[in-house]
Every structure is written in C-alpha cells, then in structure tokens.
There are 2 protein chains.
Amino acid sequence: MQPEPAAPAASRPTLADVAAKAGVSASTASLAFSGSGPVSDATKQRVLDAAAALGYGGPDPRARSLRQGRSGIVGVVLEERVRAAFLDPVKIQMLDGITEGIAPLGAGLLLLTDTGEPGENAVNIESAPVDAVVLIGCSPRLAVSIEALRRRGIPAVAIEGDTGEGLPEISIDNHQATRRGADYLRKLGHTRVALVTLPFDAARTRGPLTPELEQSGTAATARDRLAGAREIFPDITGQVAGASSIEEGLEAARALLADPATRPTAIIAQSDLLAAGVIRAAEELGIAVPAELSVIGFDGIRVDGLQHDLTTLSQPSVAKGRAAGEAVVSLLAGESPESVCFTSTLHVGDTTAPPPAR
Amino acid sequence: MQPEPAAPAASRPTLADVAAKAGVSASTASLAFSGSGPVSDATKQRVLDAAAALGYGGPDPRARSLRQGRSGIVGVVLEERVRAAFLDPVKIQMLDGITEGIAPLGAGLLLLTDTGEPGENAVNIESAPVDAVVLIGCSPRLAVSIEALRRRGIPAVAIEGDTGEGLPEISIDNHQATRRGADYLRKLGHTRVALVTLPFDAARTRGPLTPELEQSGTAATARDRLAGAREIFPDITGQVAGASSIEEGLEAARALLADPATRPTAIIAQSDLLAAGVIRAAEELGIAVPAELSVIGFDGIRVDGLQHDLTTLSQPSVAKGRAAGEAVVSLLAGESPESVCFTSTLHVGDTTAPPPAR
DNA sequence: ATTCTAGGCCGAATCGATTCGAAGACGTCC
DNA sequence: GGACGTCTTCGAATCGATTCGGCCTAGAAT
C-alpha cells in the first residue's frame, strides 16, 4: 500500500542486511538478537534500530533450527486422521495433558498422522522438524515409525503402544481394569456377556470377534482388555468395531442384539463412545438399560447426549498425557524416564444391574 | 544395545555420507531422494542401498526447509493457552475444519499461542517455522502479531478477527444473528433481558458491563454481538465473563440473578458454554428454565451434561475452519482469497418461553 | 563418419543464521 | 612505562540439503 522509500531489496532483509546497516558484523548482530554473549548496550541498540528500519522480522527459524539442531517443536503422532482425533474426547484429553507436560519446554505442538502413505503428506513422521514425538495409540505402523525415528535420532514416548523397543511407555492397567469390570458384572449375576472391542488390526476390520482376528491383531489395547475379560468369562466373544465411535458401537451392538434368543444380558464395550452406541442400539430395539441389558464402558468421559451415567472404567487421560509430556522433557534433558502405568477405577453408574429374571 | 559393526561415524550420517558411499555426488543423491530430476534407476537404487546400509534416516527437514524456503507446516494461533482451546468445543470444531481445509497441502498443523510474553515460548508466533497461519479469535495482540507476520512475509487468515489489514477474514454474522435472537425474545414478550458476554478486553476483565469496558474493549466478537442485542433492547446490560466456559457463565449469572426484584426474565449468553452456566445458576437458585427464565446461547454445540435443548444461534464452526483452511491453500498458491461471512441460524430449543405472568 | 540431441551426473553456489577461536581496544596493576 | 586481563567485536567455518548451469557420453539423424 505504501511505497517503500529506501528499500531496494526485492526480497526480505536478512540478518546480514541488518548487520551491514548497523555497521557491525553478522556475528555481532546475531548475538544482539539471541541475547547470548557479551554485546554492549549501544551496539545492541544500533542493531535493533537497524532491524526496525529495515523491517526485519527476526531470525529465520528455519536457518536457526538447522544450525542449532533443534526446532522447538514436539510432534504428536495420531494413529488416525487428525480430524478423527478431535472427535474423540480421550484423545483431546491426552493432548491437553501433553500440552501441560511439555509446557516447561515452551515448545510448539505439531499434529502428525501416521497413515503409512509416505507420499501423501509433505510433513509426516518421517520428515517433520521435531525434537521429539509422542506416539498415541499403537498403530501397526508403529514399528516402522519407531525405526524411522530411531534412525533420525529423535526421542519418542509412546502412550498405550506396545513398542517393545525400550521407549518409555505411558499406559494403564487395561487388563486388570477390564477384569475388574467383568468381575463386577459376574457378581451382579451375569453369565451371558458379550464384547464390543476396539479394532484389532491395521485394516480396522470390523465384524465378529474371531480367533483368527484375535491372533492376527496387533492392537495391544484391544488385546489386553480382551484378556482381562477372558479371565472372568473365558468364553466371551462379541463384535469388533472399526473405531472408537458411537456409530461403530451402534452397528456392533445391532449385530449382538439382533437375535432375542441369544441376546447377552450385558455388554462390555472397550470405550465409552462404543458403549454409548450400544445403549443407542438398545434404545432402538426397545431394550431397557440396565433392566434388560447392562452396559459397561471404558474411559470415563462424558458422552454428548447420553442420558445415562455410564458404568465405566475411568482412566486418567489427562494425567497420561501429562506423564508423556514430562517424559519428553526428561528425554530431551538427556535422562532416561521410566515407563508409567496408571490404574483405572471402576465407576458404577446407572447402566448396570442384575440380569433380568428368566 | 547392539554394537554398531562398521559405523565409525560418531554422529548421524548425512546425505553427503550416503553419496560418498554410493560413489555419486551429493547432488545426485539428493535427486535420488527427492525424485525430481533425471536419475537412472540403477544409480537411484545404489543411493538407496547406501542409505539403508548407513542407516540414513532421510533428508534433514530443517536443512530442506531452509533451502526450499518452506516447511510444510501451517500454524494455528490460539488466543489462549492450548489447553483452554481443547476444552472449548467451538475451537475443536474449527481445528477440525481447518485440518480438512488444508488437507490438500499435506501440511502439519502447529498449535501456537499468542500470549504476548515473547521470552516464554521457544516457539511462538514470531519464531515458528510455518508457511502460513490461521489466527483464531481476536486477541488484542492481534495487531502486533499481524505486523510480525507481515514483516516475515507469512500469509495469514483470520477467523473472527477484526484485522482491518487486508487479511482474508472468515466470520459470521455476529451482529445480525444476535439481533435475531433478541428479536425472538422480544416477540415472546420479554422486556427485562440481560447479557452475559464474552470478554471485552485483553485482561479478560469480568464484572458488570460498564460503558468504560465497552469503550475500551478490543474484542470484536463480543462487541458485535452486543450491538445486535442493542438494536432490539437499546438499554440492555449485563455481566462480562472472563472466558467462554460453564464456570464463568455460572458466576456471571449468579450476579444477574441474585436480586429477585430486579431479576431479568431472559438472558442472552454470548456462547453456549456461558448459557449452560446460566442455566446451572438458575438451577442452583431454584429458578425454572424456561418458565421463569429464558436462556439463549450462541454457537450451537452440544454441552456436556446439559439436560436442556438450548435455544441458540447455531454457527457453522467446522465450515468456518474449513473455509480458513481453504483460504490458506489459496494464499499459498499465490491467489487472493475473498473473505467469507457465514450466517448463523436460530435454533429454538426448550430454554426459551414467554416471560412469567406477573 | 560426423554432427546433433538429450539424458545423466557433477561442482559450486546458496539458503540464513549460529558459534568458536582469535584479534582488537582499553584500562589496571606492578 | 610495559605486561596483563577483560570486554567487545569480527572472520570464517558450519549446519545439511537443494538447485542451476555445464559437461560428458551414448545413440540418433544426416
């Protein structure tokens, strides 16, 4: 809009231009900006004035990070599309916690996905200017990602990932917690109990929980929670959902509840969103919760629009995120943080009751 | 853990090392990786093999972005702590939309805050390796931020920001929408109507809505929505909340509803979260909604735990984010995208009714 | 057989700042 | 008055890759 009176430079000024204008060397100008190193106040002021006069916007972060070898950015690798993560309250809470945990670094948070299609994203886990990353969830690509990070020398922390690679891991007692929930159902008198599980494999195959799928599965979370349920109900089976969402829970539950004759009296869902879908399916079919069907979830979030106080295994998502953030800080400080395993608590709401009398 | 058999290099291998091992020049090795440029398949394979042998993790993104002048990262500037944004469903929805909008770029999303304390964060709006940014909300620091971005030549898009600087802006009809909501209340018969507004100034001063605060305010959203209400109720006043949260709405409403004699028959809240707080305050005080108090919100989100179907001005948050993302794509393509103004729709729920008969 | 063409590869410059060792200026102490 | 120490400043190397112009060679065209 305004004419630039004395700006012959077509491109943006660099630190060298500022230095020239201030009559000092580039190194001195650099010191004036970064503050490290002894520079007289007079010189410093001259440099800053020159910068202002030239409209210099400060050191280029790209050049700076190349030279310094760090970018001040921490990556968060989501196993799904970023969009999807924003819809999952558990993920949001973890991000929240991570933010809190890495606050001392003053670092930015870069959201990444690990879809496995290298060409698709300009910035992916293999090529992102991050100083460290937090891996959320255990995608099947995890091993590949970890290998890539290792080669690049980028420290990483995993949340709920079965890395087996010596990364610090932040997890919860998936097995024990589900066992506790299942035991609660057993004590209520339930014997016909079914599962709605999280995806087992990379393809997020949905459908009946078959032994093959169980075997081929790579998702530790789904597997551990299943194992916990099996301790109480050795023959328990059910449906595998394609994701943690109300919609998927709805579909899975429709399949489980279709036949009144074989219908379970209780369903263990591996997430609260799935549980909400199960309850919705029950409503559709005119099945009363908890009178005719008990439902137990996992996570301990509030689900939009759900009228029930869900019985669930409440996990400290924010604390998990925070622990992961703190582990990152620790790693960057050259330490070797321990893995952390949180415990979930059984919250008894109004979606569980003794099975209907026959 | 494992001994590195033939790795004399103490530090990580670089492209030059790979090139040397493969017996080609660095430039050829670069071409082999980036794919651009004519390289014979044989040579390319030799380079890739050498890289694998050396455990080379691919080109350093820092060096690459320095040379190329872009980083493949889009920044999102939140006016509050990142944590806070995760608690606000409107923000989440916008982030969701932005993600969708910039998907064609394959860029990463870097979350930034603009607190104004330059030293606090290693990576802030003044020094983040971003190709473009989306500014969400109109912080008072906005002008400073925009100036910094302009100097650095980083294109930006503002959502709900009164930039006045020629940036593409994504907004909604705050004024008209609130006017419509207020008019609805007037037609129901309300005359004693009060406001619970969003913060007006940088300090997020809360308390009674005074003319001074109105004047000093820099927050365009709060101001526009206020002006819309004034068109219907010229003398309307109320409380200013310190943020968009249930807690703040609760506090503000307590003040408004304290005195039964002067109590309003309707409250216009400038966000749904605030409205939820208002309703909670009414519950506390034993005031029936909507029989004794009508409440109208703004946003059109679902509020956790709110039993009512809130009457509100429903705005397309996801679409706003998407539009912002698309504008970024357009800007990076060298075009000049237009500003976009969405319209909100009045959703009539069960929190509004005619005023109680006197 | 000679010239032209084009694919394939290399050398060197470049991106913009940071960092470290050394040199200069200035004042103090012996 | 000279040696020494400190405070500033400078020069040059470095970070790791990309890119552009040019050179070389093999095959095609005349």
Side-chain angles (χ1 to χ4, degrees), chain A residues 9-47 50-51 54 56-72 122-123 126-129 131 151-154, chain B residues 9-47 50-51 54 56-72 122-123 126-129 131 151-154:
Chain A
S11 64
R12 217 149 294 288
T14 72
L15 186 57
D17 300 330
V18 173
K21 170 121 184 165
V24 299
S25 74
S27 33
T28 302
S30 173
L31 294 183
F33 270 99
S34 67
S36 62
V39 183
S40 72
D41 289 342
T43 308
K44 185 171 192 167
Q45 195 54 51
R46 241 190 17 262
V47 172
L54 261 49
Y56 178 65
D60 185 319
R62 292 178 289 253
R64 180 209 289 270
S65 75
L66 170 59
R67 183 64 240 246
Q68 295 188 330
R70 54 200 153 72
S71 60
V123 168
E126 320 247 334
S127 74
D131 294 341
R151 275 210 298 257
R152 287 181 53 204
I154 296 177
Chain B
S11 64
R12 217 148 293 289
T14 72
L15 187 56
D17 299 331
V18 173
K21 169 121 184 163
V24 300
S25 74
S27 35
T28 302
S30 173
L31 294 183
F33 270 99
S34 66
S36 61
V39 183
S40 72
D41 289 342
T43 307
K44 185 171 193 167
Q45 195 54 51
R46 235 183 29 254
V47 172
L54 261 48
Y56 177 64
D60 186 320
R62 292 178 288 253
R64 180 210 290 269
S65 76
L66 169 59
R67 184 65 242 249
Q68 295 187 332
R70 54 201 155 71
S71 60
V123 169
E126 320 246 336
S127 74
D131 294 340
R151 276 209 299 257
R152 286 182 54 204
I154 297 178

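Quick caveat, the model's predicted, so the values are computed rather than measured. Convention: sequence-line order gives letters A, B, ...; per-chain numbering from 1. In what follows, every heavy atom counts, from backbone to side chain, and hydrogens, waters and symmetry copies are set aside.
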Enter the distance from B:L66:CG to A:R67:CZ here, rounded to the nearest 0.5 Å. 12.5 Å

Which residue pairs pass the salt bridge (charged side-chain N to carboxylate O under 4.0 Å, His left out) test when at least one of the two sits in residues 21-45 of chain A, sequence neighbours left out? none

Within less than 4.0 Å of OP1 or OP2 of D:dG16, is there a side-chain N or O belonging to B:Y56? no

Which of these nucleotides, C:dT18, D:dC15, D:dT18, is closest to any side-chain atom of A:L66? D:dC15

Nearest-Å distance for atom pair CG/P, residues A:L54 and C:dG16: 14 Å

Secondary-structure notation, DNA chain D, from Watson-Crick and G-U pairs under 3.5 angstrom (| other strand): ||||||||||||||||||||||||||||||

Whole-Å gap separating C1' (C:dG8) and CG (B:D41): 12 Å

Which pair of heavy atoms, one from B:Y56 and one from B:P13, lies closest together, and at what distance? CD1-O, 3.4 Å

Between A:R62 (CZ) and D:dT18 (P), how many Å, whole number? 15 Å

Rounded distance in Å - CD (B:Q68) to P (D:dC15): 20 Å

How many Å lie between CZ on B:F33 and C1' on D:dT19, as a whole number? 17 Å

How many Å lie between CZ on A:R70 and P on D:dC15, as a whole number? 16 Å

Measure from the side-chain N and O atoms of A:R62 to the backbone N and O of B:P129, and report whether any donor-acceptor pair falls under 3.5 Å. no

Non-hydrogen atoms of A:V123 and A:A128 that approach each other most closely: CG1-CB, 3.7 Å

d(CZ, B:R12; P, D:dC15) in whole Å: 15 Å

Check: A:R152 side chain, A:E126 main-chain N or O, donor-acceptor pair, under 3.5 Å: yes

Would you say B:S30 places a side-chain N or O within less than 4.0 Å of OP1 or OP2 belonging to D:dT18? yes

Ignoring hydrogens, what is the shortest heavy-atom contact between B:V24 and B:V47? Give both atom names and the distance. CG2-CG2, 3.9 Å

Flag yes if more than 12 heavy atoms outside A:R151 fall under 6.0 Å of its CZ atom; otherwise flag no. yes

Rounded to whole angstroms, how far apart are CZ on A:R152 and P on D:dG16? 13 Å

Residue pair A:A26 / A:L15: nearest heavy atoms and the distance that separates them: O-CD2, 4.1 Å

Letter by letter from the 5' end, nucleotides 4-13 of chain D scores (B base, S sugar-phosphate only, - none; protein heavy atoms under 4.0 Å) ----BBBB-B

Presence of A:T14 side-chain N/O under 4.0 Å of C:dA17 phosphate oxygens OP1/OP2: yes

